[in-house]
Amino acid sequence: MTNTNDTMTEKEKEEVIPLLTPYKMGNFNLSHRIVLAPMTRSRSYNFVPQPHAALYYSQRTTKGGFLIGEASGVSETAQGYPNTPGIWTREQVEAWKPIVTAVHEKGGIFFCQLWHAGRVSNNGFQPHGQPPISCTDKRIQKDIGNDVASTDRYTPPRRLRTDEIPEIVNDFSIAAKNAIEAGFDGVEIHGANGYLLDQFLKDKVNDRDDEYDGNLENRCRFPLQVVKAVADEIGADKVLQPLDRTHPQKLAIRRRVPKVL
């Protein structure tokens, strides 16, 4: 005869771990809820992904697991760090293909993170030594990573003209198309951490006087245009858009206090 108390004890030992339970993410069926976050590796020499990345990502792949690749620049003006990958040239697309294949061979779901650093850059990373672009011409005064004074690392940016913004939107759209061609299952649009899309969102950074500044709706206009263009290009079911809700003061969010009448 089975001892009921012993049976209950065994069931308690088999307690389900929530992180290891399946999850349906849109059209994707994940086998568990542990995600490989996008982590910059700075090993993509000349902004081209290298063959060893196939081993790096495949080692971190499980069947039905979800991975987000390291931030990949959408254009030649997008870079802000050394040896970070891109997704805007034919060479880059071809270099990503065997890396994505290695993840798929182990049953993983792989998204490409689309990124533009904006003013978090310097002219050493920019074409022809030009200033980095942003919503503003205000220079970063502190390092975005460790919050220390940094007057030399970041070049004063050039404020984008209103007529140039659709070109940047198009860069994201083309990069998304390239990511799908490279074999990625979808894309994540980097909208956090003080980079270009986030710069437009923050009222202490965005000091424009056109339809991209002022109230919250205007500050959201450019990021939303990017999301729409990417979704129209590859399908909304393949698009993630994270926003940064941490450390609001460091990210230059100013709470607007209404006047008391």
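Only a predicted model underlies this, so the values are computations on that prediction, with no experimental measurement involved.
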Would you call the rings of [X] and [Y] parallel, tilted or perpendicular if under 30° counts as parallel and over 60° as perpendicular?
X      : Y      : answer
Trp115 : Tyr195 : perpendicular
Phe110 : Phe184 : tilted
Tyr212 : Phe222 : perpendicular

Decide, yes or no, whether a salt bridge links Glu233 with Lys238 under the criterion of side-chain N to carboxylate O below 4.0 Å.
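Salt bridge flag = no for Lys238 with Glu233.
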Going by an N to O cut-off under 4.0 Å, is there a salt bridge joining Arg43 and Glu70?
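No.
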Could you check whether Thr136 and Ser134, counting side-chain N and O atoms only, form a donor-acceptor pair closer than 3.5 Å?
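Short answer, no.
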May I ask you to check whether Glu105 and Ser58 show a side-chain donor-acceptor distance below 3.5 Å?
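On atom types as modelled, these side chains do not qualify, holding no pair under 3.5 Å.
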Please evaluate residues Cys220 and Leu201 with respect to the criterion side chain to side chain contact (heavy atoms under 4.5 Å, CB included), reporting the C-alpha separation (whole Å), side-chain torsions for both, the decisive distance (0.1 Å), and the verdict.
CA-CA 6 Å; Cys220 290; Leu201 288 169; 3.7 Å; yes
Test Ile17 against His32 for side chain to side chain contact (heavy atoms under 4.5 Å, CB included), laying out the working first.
CA-CA 10 Å; Ile17 301 174; His32 56 77; over 6 Å; no
From [atom1] ([X]) to [atom2] ([Y]), nearest 0.5 Å:
X      : Y      : atom1 : atom2 : value
Glu94  : Thr89  : CD    : OG1   : 9.5 Å
Gln50  : Asn83  : CD    : CG    : 8.5 Å
Met25  : Leu30  : CE    : CG    : 5.0 Å
Ile109 : His104 : CD1   : NE2   : 8.0 Å
Leu36  : Gln59  : CG    : CD    : 11.5 Å
Trp88  : Ser72  : CH2   : OG    : 9.5 Å

Looking at [X], I'd like to know if its [atom1] atom is crowded, meaning that more than 12 non-hydrogen atoms belonging to other residues, nucleotides or ligands lie closer than 6.0 Å.
X      : atom1 : value
Tyr23  : OH    : no
Leu20  : CG    : yes
Glu164 : CD    : yes
Asp163 : CG    : yes
Lys63  : NZ    : no

Looking only at heavy atoms, what is the nearest atom pair of [X] and [Y], with distance?
X      : Y      : answer
Ile68  : Glu188 : CD1-OE2, 3.5 Å
Ile189 : Val226 : CG2-CG1, 4.0 Å
Arg153 : Asn122 : O-ND2, 3.2 Å

Looking only at atom types and distance, does a side-chain atom of Gln126 sit under 3.5 Å from a main-chain N or O of Gln79, one as donor and one as acceptor?
yes
Assigning hydrophobic clusters by single linkage (Ile, Leu, Val, Met, Phe, Trp, Tyr; side-chain heavy-atom cutoff under 4.5 Å), is Val35 placed with Leu240?
yes
According to a hydrophobic-cluster definition based on side-chain heavy atoms being under 4.5 Å apart (Ile, Leu, Val, Met, Phe, Trp, Tyr only), do Val100 and Val187 belong together?
yes
Worked check of side chain to side chain contact (heavy atoms under 4.5 Å, CB included) between Asp207 and Lys138:
CA-CA 9 Å; Asp207 56 0; Lys138 293 186 296 187; 3.6 Å; yes
